[in-house]
Amino acid sequence: MKRIWALKGLLAAIGLAGAAAACAGHGQPATGTVELGPRPYYLVNDMDDGPVKQALQACAAERRPQKPNDFSIGHRGAPLQFPEHTEESYRAAARMGAGILECDVAFTQDQELVCRHSQCDLHTTTNILETDLASQCSQPFTPFDGSNPATAQCCTSDITLAQFKTLKGKMDGANPRATNVAEYLQGTPDWRTELYRQRGTLLSHRESIALFQELGVKMTPELKAPAVEMPWQGHYSQQDYAQQLIDEYREAGVAPRDVYPQSFNLDDVRYWIDAEPDYGKQAVYLDGRDSQGLDPQNPGTWQPDMATLKGYGVNIIAPPLWMLVSSKNQRIVASTYARAARDADLDIIAWSLERSGPLASGGGWYYQSVSPQIDNDGDMLTLLDVLAREVGVIGVFSDWPATTTFYANCLQRQRDAPRWR
């Protein structure tokens, strides 16, 4: 049986009442009542025996009211069951206590901002191929021919905002062996569900801001990489794009402290820091440099390194889960990368929990650095505890925010606790 200590003496240092205290400063008022549903408790019962499981079980038994928490970030809303970046997905995430919600931002043909994970994902996340707008797609639907997979490419930049608003969101996925459009749209993984795809209401970026204000949550927009040549239409530059995102928060009267603009493009982050310092001080650098050879255990592969990022004015870095942890003596521990980020006084946000499906086979890409320690769904709470208590993350993106909300209400780390063993 695996040892799952990641606690720096969790239960020895705190009683149950202390364990249940939420991290100071992370409470977030929201409209309505937080409802977690059964999943967090299922995950607790699926954990390996140990002090973390015992503490979470005791917390669950108390049936205390749950509070929204900024530690819990709705990744595209709640796409484990709801079509991502839709009003329904966002409302579900807020009801599960997410204190921060994400709108990934792309632009339309008429240079309006909308919530989509990618500029060119409409063919897998909406019903566009079933509509007359399919004729405007960059690449039309091509069926599986026995050797080559079915393909299509439909981009937000192919259509106007008014046309975008006529579409319906669906669960992200496509069937590569489809011989017709109806088959192509049936690509949802079997561990998700089609139950809530009937009313996938798409939103412009401005509409997402208004909805998030209604829900009483903070906001973390991600500026998505353009899939078209910039400047778009000869005049819309990358900086215009980055500035437009901030302008829409200012126009809506959203305070900078309630916005965490994100980008994988470090130049976007540095632009916000320089041009919009009030909003830029909470800009999040999404670290996807593993595709460029970054090894989280080898500082020589980090270019720029943590101190340089801090010198640029970056305050928050956000890598995937696996870059923040490694294995030691059959335990999950903080990685060299995580320790260096904290030593450089960088806050850390991790992504994305509840995105891998069942974990019996090691968890896949998001758990690759600790796959020997991952063999059941409850292990995601073990990892979450290491991220919170040893790595010291300030928030975690989740496809089902009830899980992170439950943890934050029960065992979120205290700010005065030591960071490392």
Side-chain angles (χ1 to χ4, degrees), residues 30-39 68 73-98 100-106 108 112-118 120-134 136-137 152 154-156 158-175 181-217 219 221 352 354-355 397-402 405:
T31 58
T33 302
V34 172
E35 299 173 3
L36 298 182
R39 182 161 177 77
I73 306 173
H75 180 238
R76 316 183 201 180
L80 182 63
Q81 293 194 35
F82 290 84
E84 64 185 46
H85 294 306
T86 62
E87 178 181 348
E88 294 77 14
S89 188
Y90 290 138
R91 288 189 181 277
R95 186 166 290 280
M96 286 186 272
I100 304 174
L101 295 181
E102 177 189 46
C103 167
D104 290 335
V105 176
T108 61
E112 296 291 340
L113 302 184
V114 296
C115 296
R116 283 294 91 195
H117 177 64
S118 168
C120 294
D121 71 1
L122 297 182
H123 51 289
T124 65
T125 65
T126 76
N127 67 335
I128 190 170
L129 291 175
E130 295 179 316
T131 74
D132 292 341
L133 293 174
Q136 296 181 217
C137 289
C154 303
C155 307
T156 58
D158 293 335
I159 59 177
T160 66
L161 174 60
Q163 291 171 327
F164 175 85
K165 287 291 293 176
T166 67
L167 302 176
K168 293 294 183 182
K170 75 174 193 68
M171 298 301 286
D172 186 16
N175 177 5
V181 166
E183 291 178 354
Y184 184 75
L185 297 179
Q186 298 301 314
T188 303
D190 60 9
W191 44 269
R192 289 184 174 149
T193 179
E194 296 284 1
L195 285 175
Y196 304 110
R197 67 168 290 187
Q198 310 310 314
R199 294 185 58 191
T201 305
L202 303 192
L203 300 174
S204 70
H205 180 234
R206 283 192 175 92
E207 288 172 328
S208 78
I209 293 172
L211 175 62
F212 297 168
Q213 288 175 311
E214 173 195 333
L215 295 172
V217 299
M219 311 171 196
S352 294
E354 295 277 27
R355 190 152 186 85
F397 283 94
S398 177
D399 280 20
W400 200 244
T405 299

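Positions are given from 1 along the sequence.
Residue L36 comes nearest to A402 through the heavy atom pair O-CB, 3.4 Å, listed as atom of the first residue, atom of the second, then distance. Across every non-hydrogen atom of A98 and P401, the tightest pair is CB-CB, 3.9 Å. Counting all heavy atoms, side chain and backbone alike, S89 lies closest to A78 at OG-N, 2.7 Å. The two residues G97 and V34 make their nearest non-hydrogen contact at CA-CG2, 3.9 Å. Nearest heavy-atom pair, T188 versus M171, reported as atom, atom and distance to 0.1 Å: OG1-CB, 3.4 Å. Annotation for A92 and F82: closest pair CB-CE1, 3.6 Å, computed over non-hydrogen atoms.
In this structure, CG on L80 lies 6.0 Å from CD on E354, to the nearest 0.5 angstrom. Here L161 contributes atom CG and S204 contributes atom OG; the two are 6.0 Å apart, rounded to the nearest 0.5 Å. To the nearest 0.5 Å, atom SG of residue C154 and atom CD1 of residue I159 are 8.5 Å apart. Interatomic distance, L215 CG to Y90 OH, rounded to the nearest 0.5 Å: 11.0 Å. One finds the CG atom of D158 at 7.5 Å from the CD atom of Q136 (value rounded to the nearest 0.5 Å). In this structure, OG1 on T166 lies 8.5 Å from CG on L202, to the nearest 0.5 angstrom.
For the residue pair T124 / D172, a side-chain donor-acceptor distance below 3.5 Å is found, with atom types taken as modelled.
With K170 contributing its side chain and P83 its backbone, the two residues share no donor-acceptor pair below 3.5 Å. No side-chain donor-acceptor contact under 3.5 Å links T108 to the backbone of V114. With S352 contributing its side chain and S398 its backbone, the two residues share no donor-acceptor pair below 3.5 Å. A donor-acceptor pair under 3.5 Å links the side-chain atoms of E102 to the main chain of R76, judged by distance alone. Q186 places no side-chain N or O within donor-acceptor distance of the main-chain N or O of N175, the cut-off being under 3.5 Å. The backbone N or O of M96 lies less than 3.5 Å from a partner atom in the side chain of T405, making a donor-acceptor pair.
Put simply, the side chain of V217 does not reach to within 4.5 Å of the side chain of P68, judged on heavy atoms. For the pair C137/I128, a side-chain contact is recorded, criterion being any heavy-atom separation below 4.5 Å from C-beta on. When side chains are defined from C-beta on, R355 does not count as touching F397, because their heavy atoms never get closer than 4.5 Å. Taking the side chain as every heavy atom from C-beta outward, T86 and Y196 never approach each other to under 4.5 Å. At a threshold of 4.5 Å between non-hydrogen side-chain atoms, the residues M219 and Q213 count as touching. For the pair E87/E207, no side-chain contact is recorded, criterion being any heavy-atom separation below 4.5 Å from C-beta on.
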Between L122 and F164, does the side chain to side chain contact (heavy atoms under 4.5 Å, CB included) criterion hold? Intermediate values first, please.
CA-CA 9 Å; L122 297 182; F164 175 85; 4.0 Å; yes

Using the rule given for side chain to side chain contact (heavy atoms under 4.5 Å, CB included), can you reason through T125 versus H117, listing the C-alpha separation, both sets of side-chain angles and the distance that settles it, and then say yes or no?
CA-CA 9 Å; T125 65; H117 177 64; over 6 Å; no

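Shown are H85, H205, R116; of these, the side-chain hydrogen bond (donor to acceptor under 3.5 Å, both in side chains) with D104 is made only by H85.
Sulfur atoms SG of C120 and C155 are positioned under 2.5 Å apart.
Between R91 and E214 there is a salt bridge, with a side-chain nitrogen of the basic residue lying less than 4.0 Å from a carboxylate oxygen of the acidic one.
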